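If you read the sequence from its start, that first residue is 1, and numbering goes on from there. On a predicted model such as this, the values are computed, not experimentally measured, just so you know.
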Amino acid sequence: MPPKTRRLGQTDLTVTTLGIGTAPLGGNFAEITNTEALAIINLALDAGVTFIDTAPFYGFGRSERATGDAIRCRDYSLSTKVGRLLAPGALANPFADAGMIDPLPFHPVYDYSYDAVMRSFEDSQQRLGLKRIDILLAHDIGDMQHGREENARHMKDLESGYRAMDDLRRNGHVKAIGIGVNEVKACLDVMETGDWDTFLLAGRYTLLEQTPLDDLLPACQAKGISLIIGGPFNSGILVGRDTWNYAKAPADVLAKAARIETICRDHNTPMPAAALAFPLGHDRVASVIPGTRSTSEMQDILTWAAHPIPDTLWSDLKSAGLLHPDTPTPEQNPLL
């Protein structure tokens, strides 16, 4: 069965509740061929997973090129991002400086201003080679990303950048706008900047951590903003690896993940299956978009998405103190 769909914010756009993040397809922390990247996206599309997220930053244009080639003659919903322009000239050490393996010969330059947003959007259209982009997100703004002083300058630029994004939306060039970040605070900081449709939040509302229930999710509920959840496996720890937030997980996080896995096992449920379904228990979450580095990983994701999850799993996780007490949980499989 194909994935279910949910409406994005207050727009007329719907996205599949299971989507695909394409950071790995640009060579982010993973070596991958273009042939494998195309095969991953085609496997997802063949299974009915039609929401794809990409960005200029991923492989410095490489992910957008692969994404466009894969979906050009297919049914799709697509998000890409602004906030970094790609300038000619390769970084001396792209892996050390940006976590990229074999990127295209460019380097990113942060710019969230009106003119830069318009130029970035046009550049993405060229790299993608597609008739439309559905969702446009301002990428990686926030204090953790830039430091407080530098981010204050970027936030000032985003005031005009928002106007550019809003112009593109009002003129029908995109259907929805938002930001794509790893920080809850960044979402809260831009909340009053304008009329946003969606926030792509990576790794912060997951089976492992639910702090957005205290502030961001109620604020999104009040304003009709949807969340797209990236990094539902928290950089790998929820699929059994020892990485969390793009680094080696500390002992307390490893211990919590192990307790979650034990309860999942008691309910005959793979922990990654629970991790995919969990965020969609909240009606503000429109889609969950794991990244994948191979067709075998993509097939695993599809298998986990189809796995039935008993209601008692969620209640037992709550009883064990492993979920926020106010966490809404899925009443049925929200993915398929």
Side-chain angles (χ1 to χ4, degrees), residues 15 19-30 32 34 37 40-41 44 51-71 76-87 91 94 97-104 106-112 116-130 132-142 144-146 154 158 161 164-165 168 173-174 176-183 186-187 190 196-203 227-232 235 246 287-293:
V15 295
I20 295 297
T22 64
L25 308 192
N28 286 37
F29 300 101
I32 189 171
N34 288 338
I40 289 167
I41 299 176
F51 177 39
I52 314 291
D53 172 71
T54 187
F57 180 60
Y58 306 151
F60 306 154
R62 189 177 164 200
S63 172
E64 283 191 318
R65 290 182 66 181
T67 297
D69 287 346
I71 71 176
Y76 69 85
S77 298
L78 176 72
S79 58
T80 194
K81 305 181 182 78
V82 296
R84 289 181 179 94
L85 293 170
L86 298 182
L91 293 174
D97 294 340
M100 303 292 171
I101 298 174
D102 195 26
L104 296 180
F106 299 94
H107 65 275
V109 178
Y110 285 107
D111 195 334
Y112 297 90
V117 166
M118 288 300 194
R119 178 180 163 188
S120 181
F121 177 71
E122 291 171 359
D123 288 351
S124 287
Q125 286 180 309
Q126 293 290 335
R127 283 188 294 267
L128 288 159
L130 297 173
R132 71 173 199 279
I133 294 168
D134 299 297
I135 305 162
L136 198 62
L137 306 169
H139 200 189
D140 283 345
I141 198 162
M144 287 175 55
Q145 181 74 24
H146 300 291
H154 289 313
L158 186 60
M165 297 171 76
L168 290 168
H173 298 299
V174 298
I177 61 173
I179 68 171
V181 294
N182 297 282
E183 307 174 39
C187 298
V190 305
W196 304 100
D197 301 301
T198 186
F199 298 145
L200 195 168
L201 182 64
L227 286 188
I228 299 164
I229 300 299
S235 302
Y246 312 108
S287 186
V288 173
I289 55 166
T292 177
R293 301 170 296 182

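- Note that OH of Y76 and CD1 of I52 are 11.0 Å apart. Values are rounded to the nearest 0.5 Å.
- Of the listed residues (I135, T22, I71, V174), just one forms a side-chain contact (heavy atoms from CB on, under 4.5 Å) with L78, and that residue is I71.
- In this structure, I41 and T67 have side chains that are in contact, with non-hydrogen atoms separated by less than 4.5 Å.
- Residues F57 and L86 are not in side-chain contact: their nearest non-hydrogen atoms beyond the backbone lie 4.5 Å or more apart.
- Ion pairing of D140 with R84 is present here, as a side-chain N (NZ or NE/NH1/NH2) and a carboxylate O approach within less than 4.0 Å.
- Residues I179 and K81 have side chains not in contact (no heavy-atom distance under 4.5 Å, counting atoms from C-beta outward).
- At a threshold of 4.0 Å, the pair R65-D69 does not count as salt-bridged, since none of the basic side-chain nitrogens sits closer than that to a carboxylate oxygen.
- Side-chain contact between D123 and P56 is absent, with no heavy atoms from C-beta onward closer than 4.5 Å.
- In this structure the side chain of P108 reaches within 4.5 angstrom of the side chain of F60, judged on heavy atoms.
- The closest side-chain heavy-atom distance from I228 to F199 is not below 4.5 Å.
- Taking 4.5 Å as the limit, every side-chain heavy atom of L137 sits out of range of all side-chain heavy atoms of M165.
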Could you go through the side-chain hydrogen bond (donor to acceptor under 3.5 Å, both in side chains) check for S77 and D134 one step at a time?
CA-CA 6 Å; S77 298; D134 299 297; 4.5 Å; no
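- Judged by distance alone, the side chain of D197 and the main-chain N or O of I177 form a donor-acceptor pair under 3.5 Å.
- S235 places a side-chain N or O within donor-acceptor distance of the main-chain N or O of Y246, the cut-off being under 3.5 Å.
- Ring geometry, H154 versus H146: the interplanar angle falls from 30° to 60°, so the pair is classed tilted.
- T198 contributes atom OG1, which lies 12.0 Å from atom CG of L136 (distance to the nearest 0.5 angstrom).
- Rounded to the nearest 0.5 angstrom, I20 CD1 and T292 OG1 are separated by 6.5 Å.
- Judged purely by atom type and a 3.5 angstrom limit, W196 uses its side chain to pair as donor or acceptor with the backbone of V190.
- Taking the ring centroids of H139 and Y110, they lie at or beyond the 6.0 Å cut-off.
- The CZ atom of F121 sits 6.5 Å away from atom NE2 of H173, with the distance rounded to the nearest 0.5 Å.
- No donor-acceptor distance shorter than 3.5 angstrom exists from the side chain of R127 to the backbone of A66, with no hydrogens or angles considered.
- Taking a cutoff of 4.0 Å between a charged side-chain nitrogen and a carboxylate oxygen, R119 and D111 do not qualify as a salt bridge.
- Here CG of L227 is found 9.0 Å from CG of L200. Values are rounded to the nearest 0.5 Å.
- Side-chain atoms of T80 and T54 form no donor-acceptor pair, as typed in the model, at a separation below 3.5 Å.
- Once rounded to the nearest 0.5 Å, the distance linking OG of S124 with CG of L130 reads 10.0 Å.
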